[in-house]
Chemist: 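Let me begin by handing over the structure; questions about it come next.
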Number of protein chains: 2
Amino acid sequence: MASKLFVSAQEVARRAGVSRSAVSRTFTPGASVSAETRQRVLKAAEELGYHVNHLARGLMRNESGIVCLIVSDVATPYRAAVLRELTLQLQNAGKVAMLINTDRSDGSVDRALHQAIRYRADASVILSGLPDKSIVQLCLRSGQRLVLINRDDDQPGPLRINVDDADAGSRVATAFARAGCRRLAFANSLAGTPSLVRREKGFVAAAAALGLQVVVERYGATGYEAGQVLAQRLLTRSERPDAVFCATDLMACGFMDAARRQFGLAVPSQLCVAGFDNIEQASWLSYELTTFAQPVDRIAKYAIDWLGTDDSGEDGPEPITLPAELIWRRSIRGG
Amino acid sequence: MASKLFVSAQEVARRAGVSRSAVSRTFTPGASVSAETRQRVLKAAEELGYHVNHLARGLMRNESGIVCLIVSDVATPYRAAVLRELTLQLQNAGKVAMLINTDRSDGSVDRALHQAIRYRADASVILSGLPDKSIVQLCLRSGQRLVLINRDDDQPGPLRINVDDADAGSRVATAFARAGCRRLAFANSLAGTPSLVRREKGFVAAAAALGLQVVVERYGATGYEAGQVLAQRLLTRSERPDAVFCATDLMACGFMDAARRQFGLAVPSQLCVAGFDNIEQASWLSYELTTFAQPVDRIAKYAIDWLGTDDSGEDGPEPITLPAELIWRRSIRGG
DNA sequence: GCGAGTTTTGCACGCGTTTGCAAGAAACTG
DNA sequence: CAGTTTCTTGCAAACGCGTGCAAAACTCGC
C-alpha cells in the first residue's frame, strides 16, 4: 500500500530519548509522568506528527471509543436531524460515530450489528428496523451496549427510548375538535412501525372519545408521495374529511400540496392539517404546519449519558418515554 | 466495564480442536485451509458468536477499512443526500464509514483529520471546510488517502472532484434569455465557498455575453431564510428582476415563498427561478423548481474507485470535473 | 512401499498499545 | 544520616490478529 507509514510511539520514544511507556503515559490522562519527560515527548510527537493509534488502544483497553449508528434513509429530514444531534453529542463525549446504512431487506440490521461487533464498538444505536433476538443477546454478551430509539422492542437489556406518540395523537384530536372539525382522518403509511401505530391508535381513540368520526387510510412509505396519494384517496370520499393528521411531516407536505393544487382546498379554512417530526420544511411559508417536535436533543443526551454509566449486570435500564412538543402553526384553525 | 468479553479466535480454536492460525486462515480469503477444518472452525465460530476483530486485523494489515467522512451541516438536504450515497457505496466496497461533524470554527476540519489519523482511517473524504496544508501533508505522509469534494484546493496529492458550476451558471443565463427575461439576478450567500463563487461568475459572465443586465446580492448562509431575505432585497429594487438564479435550492425555496406571499408574484409568469442541488423539495408541487442535479452517485463512485487503486507515489491523481445535469421543471417559462 | 511433489498445519513473531511490577531517584521525617 | 514515603521510569507481558517458515500430512505415479 502506502510507502511510508504512520509514526509509532517507538519512534517518538527514540527521538525523545525515553522509553515507549513514557510516551504512552504522556498521552494517558492521569498517568504518572514528570513534567520534563512529558514536554520532551510532546515536542518529539509534534515534530514527527505522532497520534495515538486508537486501534491498538482499543485492543488493550477493550474500549474502542466507537459507537455505531444504525439507520436507514439517512437522507430523510427527520433522520438526518437526529443523526446530526447524535454525532455532535458523541463527539463532545469523546466518542466517534460509525455510520451504517440499512435497507428494508431482511437481516439488514443484523448485518449492521455484526459489523459493529467486528469493530468492537462500545455501543450501537438503532434508529431503524429491529434486530433479531439472538443478535441482541450476542451483543449484550459481548459487552456491547444497545440503544433502541422509537423501536419499542420488549426484551430487556438495551436502553429503550420512546416518544409518547399516543399522547400526541390524542392532543391533535382535541385540537381538531376545538377548531370545529367534525370528520377526522388519519393518513398513515403501510410501514407499520410501532411509533406510527401508536400515533394512529392514540388519535383514533381520542377522536372516538370526543364523539367525532374518524377514518384511517394507509399507503406506501412515510414520504411526500404517500401524502399525495392519501390525499387523493381521502379527499374523494363522499363524506370529505375536514381535518387530517398525517403520520409524518413529509406526508403532510404532500397532502397539503395535493389538497391545494388538485382539490383547490384552502388550509386551514377548509381543511386542517397536522404532522409529526417538525422537520425544517414544516416551518416554510408554503406549509406553516402544526406538528410535533421529537426532543432529539434530549433523546441523544439520554442515550449518550447512559453509555457513560456503569449500571451493567442488571436486567438493563428502565425504558424512557419522552413527550413530543406541540409546535403550533397555522395549519389548524384557532390556537 | 463488561463482565464478559468478546470471543477471540483462541476460544474458537480450542472449541474446534485446531490451532489459532487455522481460525485466522479460515477468515482470510485466499489462505490455505482444508475444507474439513474450515467447516469445523465455521461451526465453532457460529456457536460461539465469533467475529474477526477488525481493530486487530487493521493493526496487522495496516489497513483499517475505515473511511472518514468529514462534513458540516449533515441535516441539510443536499449534504444528507451525498452522505447517503457515500455510505452506501462504501459499504458495498467492504469499507465502513466514520462520520465526523465539523462546524464553522477554525481548525474544525483539522481536528477531524487528526481523529481520522488516530483511527488509522484508510482515507478521508472532505465535504466541508478546507484543511490546513500541514495536516494534508501529514495525512499523505502517513499513507492516508484524501478526497476533496467541491473544495477546489490546489495542492497536489488529494483526489479533487468538482462539479462544473461555471457551466451550470452559464446555462441558466441562456435559459433565462430564451424565456424572454431581461433583468437577471443572482442570489448568493456570504459563505464564499469556491463552488458558489464559480456559479456566480459563470452566470454573470454568460449574462453579460448575452447583453442582459444582472445584479448580484449576497446574504447569510445557504439556507431557506437567506433566500427570503434576498427576495426582500432584490424584489424591492426600482428595477425589479424578472429572473433569479439562487445559489442553492434551499435559497430558491425561500425566495419563491417570499416572492409569492409577500410580493404576490407568480412563478414563472412574472418571475423565473432556478436553483442548484436538486434536493427532494425542488420537485414538490409548491416549487417545481428548475435546478441542477449534482451527480452524487458518480462523485461517490469516482471517490471510492480511487480508494481501491494503487496509484500512489505520483503527484496525486488528476482532478475530476463532472457536469451538473439540468433538471427542467416549471419555474422557468418555456422549455 | 517409496520418493517426489503438493497441501495443510502449528509455532513463533510482530503489529502499536496499555499497564502491573519492581527498581531507582527524590523528597521528607525524625 | 538512616529510614520511610512518594514519584518516576523502564521492563515485560498482555491484547487479538496475520503470516513466514518449517514440519507434517497427504497425493500420486510407479
Side-chain angles (χ1 to χ4, degrees), chain A residues 1-2 4-41 44-45 48-66 117-122 142-144, chain B residues 1-2 4-41 44-45 48-66 117-122 142-144:
Chain A
M1 282 286 134
K4 279 248 191 171
L5 240 75
F6 290 93
V7 29
S8 78
Q10 185 69 264
E11 310 174 40
V12 178
R14 228 189 322 263
R15 181 170 189 117
V18 298
S19 81
R20 215 184 30 250
S21 341
V23 177
S24 175
R25 284 190 248 264
T26 301
F27 291 100
T28 304
S32 165
V33 63
S34 75
E36 194 205 327
T37 0
R38 166 179 221 91
Q39 282 314 314
R40 280 168 57 191
V41 168
L48 264 51
Y50 168 76
H51 288 259
V52 177
N53 186 335
H54 272 45
L55 268 49
R57 167 176 284 184
L59 204 54
M60 267 304 298
R61 293 202 181 156
N62 264 331
E63 193 180 348
S64 61
I66 297 176
I117 292 181
R118 281 190 214 104
Y119 277 97
R120 299 301 188 260
D122 296 339
S142 306
Q144 176 172 132
Chain B
M1 282 283 134
K4 278 247 188 172
L5 240 74
F6 290 92
V7 27
S8 77
Q10 186 68 263
E11 310 174 40
V12 177
R14 229 188 323 263
R15 181 171 189 117
V18 299
S19 82
R20 201 172 42 76
S21 339
V23 177
S24 176
R25 283 190 250 263
T26 300
F27 291 99
T28 305
S32 166
V33 63
S34 74
E36 195 205 326
T37 4
R38 168 180 220 90
Q39 283 313 315
R40 281 169 56 190
V41 168
L48 263 53
Y50 168 77
H51 288 259
V52 177
N53 186 334
H54 272 45
L55 268 50
R57 170 177 281 186
L59 205 54
M60 267 302 301
R61 293 201 180 155
N62 263 332
E63 193 179 348
S64 60
I66 297 175
I117 292 181
R118 282 190 215 103
Y119 278 95
R120 300 302 189 256
D122 296 339
S142 305
Q144 177 172 132

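The basis for the numbers below is simple: all heavy atoms, side chains too, and nothing from hydrogens, waters or symmetry mates. Keep in mind that what you see is a predicted model, and the values were worked out from it rather than measured.
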Chemist: Show the atom names and distances, to 0.1 Å, of all donor-acceptor pairs under 3.5 Å that link a side chain in residues 28-35 of chain A to residues at least two apart or in another chain.
Modeler:
| from | atom 1 | to | atom 2 | distance (Å) |
| --- | --- | --- | --- | --- |
| A:Thr28 | OG1 | A:Ser24 | O | 2.8 |
| A:Ser34 | OG | A:Thr37 | N | 3.3 |
| A:Ser34 | OG | A:Thr37 | OG1 | 2.4 |

Chemist: What is the 5' to 3' range of DNA chain C, first to last nucleotide, that sits under 4.0 Å from any heavy atom of chain B?
Modeler: C:dT8 to C:dT17

Chemist: To the nearest 0.5 angstrom, please state how far the CG atom of B:Asn62 sits from the CG atom of A:Leu55.
Modeler: 10.0 Å

Chemist: Quickly work out the A:Asn62 CG to D:dA14 P distance and round it to whole Å.
Modeler: 15 Å

Chemist: Polar-atom pairs under 3.5 Å, protein N or O versus N or O of nucleotides 9-12 of chain D: list them with distances, or write none.
Modeler:
| from | atom 1 | to | atom 2 | distance (Å) |
| --- | --- | --- | --- | --- |
| D:dT9 | OP1 | A:Ser34 | OG | 3.1 |
| D:dT9 | OP1 | A:Thr37 | OG1 | 2.6 |
| D:dT9 | OP2 | A:Ser34 | N | 3.0 |
| D:dT9 | OP2 | A:Thr37 | OG1 | 3.1 |
| D:dG10 | OP2 | A:Ser19 | N | 3.2 |
| D:dG10 | OP2 | A:Ser19 | OG | 3.0 |
| D:dG10 | N7 | A:Arg25 | NH2 | 2.9 |
| D:dG10 | O6 | A:Arg25 | NH2 | 2.8 |
| D:dC11 | N4 | A:Ser21 | OG | 3.2 |

Chemist: Measuring from A:His54:NE2 to A:Arg57:CZ, what's the distance to the nearest 0.5 Å?
Modeler: 5.0 Å

Chemist: Among A:Val23, A:Thr26, A:Val12, which one satisfies side chain to side chain contact (heavy atoms under 4.5 Å, CB included) with A:Val18?
Modeler: A:Val23

Chemist: Take atom NE2 of B:His51 and atom P of D:dG16, then tell me their distance rounded to the nearest Å.
Modeler: 16 Å

Chemist: Rounded off to whole Å, could you give me the CG-to-C1' distance for the B:Leu5 and D:dC17 pair?
Modeler: 15 Å

Chemist: To the nearest 10 degrees, what angle separates the axes at the start and end of the helix from C:dG1-D:dC30 to C:dG30-D:dC1, five pairs each?
Modeler: 30°

Chemist: Across the strands shown, which category fits A:Tyr50 at heavy-atom distances under 4.0 angstrom: base, sugar-phosphate, nothing?
Modeler: sugar-phosphate

Chemist: Can A:Glu36 and A:Arg40 be counted as an ion pair, charged N to O under 4.0 angstrom?
Modeler: yes

Chemist: Ignoring hydrogens, what is the shortest heavy-atom contact between A:Ala16 and A:Ala44? Give both atom names and the distance.
Modeler: CB-CB, 3.9 Å

Chemist: Can you measure B:Phe27 atom CZ to D:dC17 atom P for me and round it to whole angstrom units?
Modeler: 9 Å

Chemist: Which heavy atom in B:Ala45 sits nearest to a heavy atom in B:Phe27, and how many Å separate them?
Modeler: CB-CZ, 3.9 Å

Chemist: So, using side-chain contact (heavy atoms from CB on, under 4.5 Å) as the criterion, who are the partners of A:Gln10 when residues are at least two apart?
Modeler: A:Ser8, A:Arg14, A:Arg20

Chemist: Using whole Å, what does the distance between atom P of nucleotide D:dA13 and atom CE of A:Met60 come to?
Modeler: 14 Å

Chemist: Base, sugar-phosphate or nothing for A:Ser8? Non-hydrogen atoms, less than 4.0 Å.
Modeler: sugar-phosphate

Chemist: Checking B:Arg118 now: which residues fulfil side chain to side chain donor-acceptor pair (under 3.5 Å) with it, not counting sequence neighbours?
Modeler: B:Gln115

Chemist: May I have the distance from A:Glu63 (atom CD) to D:dG16 (atom C1'), rounded to whole angstrom?
Modeler: 17 Å

Chemist: Using a heavy-atom cut-off of 4.0 Å across all strands, would you classify B:His54 as base, sugar-phosphate, or nothing?
Modeler: nothing

Chemist: How close do A:Arg120 and B:Val52 get, counting heavy atoms only, and between which atoms?
Modeler: NH1-O, 3.9 Å

Chemist: Starting at OG of A:Ser19, measure out to CZ of A:Arg25 and round the result to the nearest 0.5 Å.
Modeler: 6.5 Å

Chemist: D:dG18 P sits how many Å from B:Arg61 CZ, rounded?
Modeler: 6 Å

Chemist: In this structure, how many angstroms lie between the C1' atom of D:dT8 and the CD atom of A:Gln39, rounded?
Modeler: 16 Å

